[in-house]
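Beneath this line is the structure, given in structure tokens, with notes to follow.
The chain is numbered in sequence order, starting from 1. Just so it is clear, the model here is predicted, and its values are computed rather than measured. Order of listing sets the numbers, starting from 1, for every ligand and every atom in it.
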Amino acid sequence: MDKIKNNVSAAWKSVCADLEKKLPKHAMHAWFDPIVAVGFRDKSFILEVPNQFSLEWIESHYKDEIMLSIKALFNNDVEYQFFVTKTKKVDIKKRNSSELLIRPRVKRFNNLNDKYTFDNFIVGGNNEFAKTASESVSNNPGQHNFNPLIIYGGVGLGKTHLMHAIGNNSLKKNPDLNILNITSEQFTLDFVNSLRKNRTIEFAQNYRSSDILLIDDIQFFRGKEQTQEQFFHTFNVLHQGGKQIVLTADKFPGEMKGLQSRLLSRFQSGLSVDVQPPNFEVRVAILLEKADQNGLELDYSIIEFIARHIKNNVRELEGTIIRLLAKSSLLNIEINSQLVTEVVKERIGGKIGNEISIENIVKKVSEISSVNEDDIVGKSRKMEIAEARQVSMFLCRDIMGVSLNNIGMFFGGRDHTTVMHALKTINKKQSTDDRMKRMIVSVRKELGFSFL
Ligand code: ADP
Ligand code: MG
């Protein structure tokens with residue numbers, strides 16, 4: 001022990017020489033060369049490291065190796081203690097935070113989707129707060145308490161759109177910003193590749209030199225301990241340097257499983273905003289915007305029909321418009337009610353009209369035809385009753401897709417050939433008889449299926 005005290009520097013050098021046999025060259029160079037052994041106190045090497053980040057990195061990656069080397073060279077009681085160099089700490093505070101990060105700063109290519117902007121993001125009560133917070137962050141990245149900003153919520157509700165809009169808007173204001181936009185899977189892959197190729201330093205440098213780091217879908221970090229570790233350090237360096245971090249996730253950070261608690265507690269120090277499914281009016285507005293973007297003119301009744309059926313996912317609304325466009329141009333047909341029903345059915349798995357019941361239809365037909373509901377489902381063959389019954393059967397099939405047998409059963413236990421006959425009769429009448437046409441249109445309208 002005295003031997004160490006007499007020449008701490010030489011003793012530490014011998015530890016490093018031992019470490020060199022076990023660790024890759026670049027690791028020695030990056031992490032151990034800057035360490036200065038400044039003393040030996042209470043049976044411990046006192047070691048200076050240049051910054052907090054190095055300290056955490058070395059402790060989390062090389063602690064065991066260091067202890068093994070020390071024990072191999074000296075006796076079992078010897079330990080070590082790190083502390084961050086004081087003079088450098090002052091320097092760091094004085095310096096502009098961007099200089100803290102690794103240089104040279106090369107403007108990098110970013111893969112922001114320029115279609116995702118704040119201008120074309122439709123706002124409703126479901127996403128208003130998320131949009132306001134995102135805009136505010138993009139106007140002053142890293143400059144207020146919204147760091148990190150976490151946008152969370154279900155699939156297809158605009159999280160990625162908002163994240164890219166933050167990047168696009170920040171870049172418009174300051175084209176020199178380095179914006180790194182990546183999914184959590186890409187981050188993981190990048191990290192794993194850097195491990196394979198012994199390029200973890202470059203990996204760290206790359207991420208830590210961004211002014212705004214945007215990471216999409218962080219729930220995929222779940223269970224990936226080493227990646228989370230990396231991300232934790234990256235997060236800290238950027239956060240301490242006053243750089244903006246924006247993350248998206250499928251859940252509120254407090255409810256995320258499989259992420260380290262120290263990460264979650266960092267997340268909660270910023271601002272979390274949610275996006276919810278849009279209500280009917282917002283869905284209509286989104287559909288109008290998407291139709292417009294795609295140069296498609298749609299009747300309001302068609303827009304309303306789609307908005308009534310596709311509810312929980314904006315991506316689906318958009319997908320329906322694209323699909324309509326694709327089908328009509330591929331098949332070279334007009335966008336008509338049949339095509340719209342077909343496309344909507346495809347997207348929601350054929351459950352069109354599932355909120356409408358047979359009773360509903362009978363009730364509406366009864367109101368419009370002034371035929372009693374009981375008569376409609378009864379046995380009477382009186383002409384106006386039989387007609388109201390046939391109209392009801394037709395609409396049950398057309399709107400709800402009920403099977404012929406089930407329709408027959410509901411309407412007084414009739415067999416499927418009777419139902420088939422009713423459907424044919426009404427189908428024919430609605431194209432030749434104006435009164436019948438008006439009646440069908442009215443019932444549809446009452447049921448929210450006006451466009452057909
Ligand atoms: P998430 O990331 O939440 O799964 P996205 O951001 O990928 O969802 O959104 C899916 C699609 O819906 C995108 O094309 C996006 O532009 C669009 N979208 C979502 N919300 C809105 C909105 N409020 N206004 C306009 N388009 C939206
Ligand atoms: Mg997304």
Indicate, with yes or no, if the rings of Phe191 and Phe231 have centres closer together than 6.0 Å.
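Here the rings of Phe231 and Phe191 have centres that are no less than 6.0 Å from each other.
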
Within-cut-off N or O pair, Phe121 and ligand 1, under 3.5 Å
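N/O-N/O distance under 3.5 Å: no.
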
Looking at ligand 1, does Lys290 have a heavy atom less than 4.0 Å from it?
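Yes, Lys290 has heavy atoms under 4.0 Å from ligand 1.
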
Quick one: nearest non-hydrogen protein atom to [atom], plus distance?
atom	value
atom 4 (O) of ligand 1	Gly156 N, 2.7 Å
atom 7 (O) of ligand 1	Arg315 NH2, 2.9 Å
atom 15 (C) of ligand 1	His161 ND1, 3.4 Å
atom 24 (N) of ligand 1	Ile122 N, 2.8 Å
atom 19 (C) of ligand 1	Val314 CG1, 3.3 Å
atom 2 (O) of ligand 1	Thr160 OG1, 2.7 Å
atom 25 (C) of ligand 1	Asn120 O, 3.3 Å
atom 13 (C) of ligand 1	Glu318 OE1, 3.4 Å

So, Thr248 and the Mg ion (ligand 2): N/O/S under 2.8 Å, yes or no?
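It does not: Thr248 brings no N, O or S atom closer than 2.8 Å to the Mg ion (ligand 2).
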
Are Leu162 and Phe118 close enough, and set up right, to give a side chain to side chain contact (heavy atoms under 4.5 Å, CB included), and what steps lead you there?
CA-CA 7 Å; Leu162 282 176; Phe118 288 126; 4.0 Å; yes

In terms of ring plane angle, is the pair Phe187 and Phe221 parallel, tilted or perpendicular, where the classes change at 30° and 60°?
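Rings of Phe187 and Phe221: perpendicular, over 60°.
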
Describe, in one word, how the ring planes of His164 and Tyr116 are oriented to each other, choosing from parallel (under 30°), tilted (30 to 60°) and perpendicular (over 60°).
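If you compare the ring of His164 with that of Tyr116, the planes turn out perpendicular.
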
Numbering as shown, the atoms of ligand 1 that approach Asn127 to under 4.0 Å (heavy-atom distance):
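By the 4.0 Å cutoff, the relevant atoms are 23 (N).
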
List ligand 1 atoms under 4.0 Å from Lys159, heavy atoms only on the residue side.
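Within the 4.0 Å cut-off of Lys159, ligand 1 contributes 1 (P), 2 (O), 3 (O), 4 (O), 6 (O), 8 (O).
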
Hey, could you give me the CG/CG distance between Leu112 and Leu180, rounded to the nearest 0.5 Å?
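So the gap between those two atoms works out to 9.5 Å.
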
Measure the CD1-CG distance between Ile151 and Leu157 for me, rounded to the nearest 0.5 Å.
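It comes to 12.0 Å.
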
Only heavy atoms count here, so choose which of Gly154, Gly158, Gly153 is nearest to atom 8 (O) of ligand 1.
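Looking at heavy atoms only, Gly158 sits closest to atom 8 (O) of ligand 1.
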
Any donor-acceptor N or O pair under 3.5 Å, side chains Glu229, Gln260:
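No pair is found: no donor N or O on one side chain lies under 3.5 Å from an acceptor on the other.
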
Are Lys327 and Glu342 close enough for a salt bridge, meaning some N to O gap below 4.0 Å?
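Yes.
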
My understanding is that only one of Thr160, Thr183, Asn181 makes a side-chain hydrogen bond (donor to acceptor under 3.5 Å, both in side chains) with Asp216; could you say which?
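Only match with Asp216 under side-chain hydrogen bond (donor to acceptor under 3.5 Å, both in side chains): Thr160.
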
